[in-house]
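Structure first, commentary second.
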Amino acid sequence: MSDYLPPLRDMDFLFNEVFDIPAWWAQTPALVEQVDADTARAVLEQAGRLIAGVVAPLNRSGDEQGCRWDNGRVITPDGFADAYRAFAEDGWVGVAGAPEYGGMGMPKVIGAQLEEMLNAANLSFGLYPMLTAGACLSLLNHASEPLKSRYLPPMYEGRWTGSMCLTEPHCGTDLGLLRTRAEPSADGRYRVSGTKIFITGGEQDLTENIIHLVLARLPDAPAGAKGISLFLVPKVLVDDDGLLGEANAVSCGSIEHKMGIKASATCVMNFDGAIGYLVGEPNKGLNAMFTMMNYERLGVGIQGLALGERSYQNAIAYARDRQQGRAPTGAEAPGQAADPIVVHPDVRRMLLTMKALNEGGRAFSTYVALQLDLAKYSESADARRLAEAKVALLTPVAKAFLTDMGLETTVHGQQVFGGHGYIREWGQEQLIRDCRITQIYEGANGIQALDLVGRKLLGDGGQAYRLLSTEIRTFAEALTAEFGTPLLAAVNELDDLTAWVLDRGQGNPQEIGAASVEYLHAFGYTLYAYLWARMADVALNTEQPEPFHQSKLATARFYFARLLPRTLSLSASVKAGSHSLYLLDADLL
Ligand SMILES: Cc1cc2nc3c(=O)[nH]c(=O)nc-3n(C[C@H](O)[C@H](O)[C@H](O)COP(=O)(O)OP(=O)(O)OC[C@H]3O[C@@H](n4cnc5c(N)ncnc54)[C@H](O)[C@@H]3O)c2cc1C
């Protein structure tokens with residue numbers, strides 16, 4: 001595998017040339033003292049050096065060794081504990097954390113780029129700090145002040161990690177079925193009992209404490225999803241001065257043996273009357289957990305993107321080097337026995353598809369992260385509301401589309417290597433194995449699509465969608481014909497499809513589930529067209545064009561010519577409706 005190179009030039013392009021983010025920071029009182037273009041670059045360069053130099057080299061060995069379970073202890077692969085310590089000591093766990101509790105206070109756009117680099121370098125490793133940052137966000141928004149001041153500082157410092165405990169053996173997507181119980185005790189705390197499965201980082205040997213956020217039911221709770229509360233359950237109890245005391249009644253029963261992310265511990269966790277603290281209000285636990293999950297969902301989308309980027313970096317290096325056959329138009333390297341495979345049209349198709357999906361995906365994740373920052377820091381209430389509406393609409397698309405495109409991209413990256421992509425030596429097959437989980441956890445992609453269509457479109461009658469489509473249309477109308485005309489056609493087509501889905505969904509609920517995945521994909525390709533048009537517009541109008549801008553423009557042209565037309569077939573599938581899905585009884589399937 002070639003060395004990982006953090007894509008700092010592309011990140012810089014998005015920040016400074018496409019979205020002009022530093023100009024917005026400079027006008028935003030909450031951020032003006034906190035960050036500017038130079039700080040952003042310095043943060044990304046410094047983090048990128050550590051990630052490329054220390055974390056990336058453990059990706060392969062971590063996959064080969066995996067985690068080990070030994071009588072309740074989990075041992076991470078060699079080198080993980082030292083690398084984690086170095087990562088935490090630099091402050092990167094709390095990079096986007098609240099400064100009043102010791103976080104670095106960087107905006108989400110910076111956190112998102114850092115996540116991409118970390119996950120591209122080593123997804124298994126990246127999951128430990130990512131879960132911690134997500135748990136911190138939930139505590140920051142919903143926990144009482146004493147809980148926040150006791151738990152957040154060591155978590156931001158990376159001395160303690162966090163975990164998210166939702167799933168139980170009989171309950172994954174349908175959390176209303178969960179059975180873990182929490183009994184109140186006289187001292188105001190709770191005793192939590194039950195078994196959780198598939199808990200990422202539920203146990204590990206990286207830190208001295210683990211803070212579990214656990215969904216459980218109070219004794220008098222209503223049935224279903226409305227009776228779920230959230231509890232903070234530390235692995236080791238913490239006294240009033242923040243010092244570690246006795247072990248809590250939490251144990252790791254085993255770890256899973258799985259297809260990928262082998263260096264990430266996926267744990268069965270037993271809570272046997274463990275001491276816990278209520279976070280937020282009773283029976284409102286799903287709301288509190290969703291704060292974490294929405295954040296995580298963009299993060300999981302970024303995992304897909306990151307693996308696609310890593311696969312591309314390997315594939316392009318290989319395609320320039322590997323010699324097989326001759327270019328269709330005659331030898332391009334006549335002095336060699338054969339031309340490098342990068343001359344072949346089909347290899348170019350794969351490489352450009354990867355490049356277009358990765359760079360489009362990076363623009364998309366940056367755009368969503370920017371909306372999160374606008375929703376949080378903007379002075380104007382209208383701007384905050386608009387950004388919140390866009391975040392809600394785009395979160396399921398970010399999770400599902402970025403990971404589906406991540407898998408496609410990693411598979412192309414394997415194919416470019418031919419048989420050498422199938423064997424372990426080059427690392428391409430690991431990227432596919434690691435990527436596959438991103439489509440499943442944090443709400444399977446089919447569930448994201450249902451969320452988009454059922455809640456986000458039908459829920460508000462398409463209002464948030466119309467805000468976004470107006471933004472795209474206004475931008476397309478101001479563009480010259482080359483990108484303006486196809487972008488306008490694409491957004492018109494998506495408007496039409498959205499109206500169709502809204503109309504059909506009202507009358508027959510089966511239509512929603514039948515349309516949702518393909519609709520989400522049509523949505524994703526149209527969004528990428530918008531973002532590619534924005535990038536192409538900058539590249540066309542830049543005063544000092546570099547080869548980088550030439551590459552952007554050519555990739556934008558490829559995207560519009562070869563990938564955007566996928567929406568036509570998706571649209572036809574959506575409009576075929578649910579009828580053909582129910583022609584067979586389940587026992588004949
Ligand atoms: C490696 C790994 C790490 C994980 N980490 C964590 C973690 O840290 N914390 C945690 O709590 N959980 C974690 N999970 C659990 C993960 O989030 C769940 O596996 C996932 O949400 C799906 O739940 P399930 O496996 O029970 O599948 P099910 O809910 O049984 O779903 C099976 C299939 O049916 C589909 N389906 C289900 N219901 C519907 C519906 N209503 N409409 C349409 N389709 C439907 C799903 O999309 C899926 O394709 C992890 C899982 C793995 C494998």
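All ligand and atom numbering here is 1-based and tracks the order in the structure. Since the structure is predicted, the reported quantities are computational estimates derived from the model, not experimental observations.
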I'd like to know if E256 and K258 make a salt bridge, using a cut-off of under 4.0 Å between side-chain N and carboxylate O.
no

In terms of the angle between their ring planes, are F401 and Y525 parallel, tilted or perpendicular, with boundaries placed at 30° and 60°?
perpendicular

Considering only the protein, which heavy-atom contact is closest to atom 36 (N) of ligand 1, and what is its distance?
I447 CD1, 3.9 Å

Contact region, E442 to ligand 1, non-hydrogen atoms below 4.0 Å, reads backbone

Side chain, backbone, both or neither: which applies to T200 and ligand 1 if a contact is any heavy-atom pair less than 4.0 Å apart?
both

Quick test of your reading of the model: are K575 and D496 salt-bridged, counting only N-O distances below 4.0 Å?
yes

If we count only non-hydrogen protein atoms and require a distance under 4.0 Å, does atom 28 (P) of ligand 1 qualify as touching the protein?
yes

For T173 and ligand 1, does the shortest N/O to N/O distance drop below 3.5 Å?
yes

What I want to find out is whether E168 reaches R179 closely enough, with some N-O distance under 4.0 Å, to be called a salt bridge.
no

Any idea which protein heavy atom is nearest atom 21 (O) of ligand 1, and the distance to it?
G443 N, 3.9 Å

Positive for side chain to side chain donor-acceptor pair (under 3.5 Å) with E203, one of H212, K235, R73:
K235

I'd like to check whether C165 has a polar contact with ligand 1, where a contact means an N/O of the residue lying under 3.5 Å from an N/O of the ligand.
no

Under a 4.0 Å threshold between the charged nitrogen and the carboxylate oxygen, would D63 count as salt-bridged to R433?
yes

Hey, are E64 and R60 close enough for a salt bridge, meaning a charged N less than 4.0 Å from a carboxylate O?
yes

Considering heavy atoms of the protein only, find what lies nearest to atom 19 (O) of ligand 1 and give residue, atom and distance to 0.1 Å.
F198 CD1, 3.9 Å

Within 4.0 Å of atom 50 (C) of ligand 1 (strictly less), any protein heavy atom?
yes

Can a salt bridge be assigned to the pair E115 and K108 using a cut-off of 4.0 Å between side-chain N and carboxylate O?
yes

Given that the side chain starts at C-beta and the backbone is N, CA, C, O, which of these parts of I437 lies under 4.0 Å from ligand 1, counting heavy atoms, or is it both or neither?
side chain

Applying a heavy-atom cut-off of 4.0 Å, say which part of N445 lies close to ligand 1: side chain, backbone, both or neither.
neither

For atom 32 (C) of ligand 1, is the nearest protein heavy atom closer than 4.0 Å?
no

Contact check, A444 vs ligand 1, heavy-atom distance below 4.0 Å:
yes

Name the one of T438, T200, I437 that satisfies side-chain contact (heavy atoms from CB on, under 4.5 Å) with I261?
I437

Can you check whether L131 has an N/O within less than 3.5 Å of an N/O in ligand 1?
no

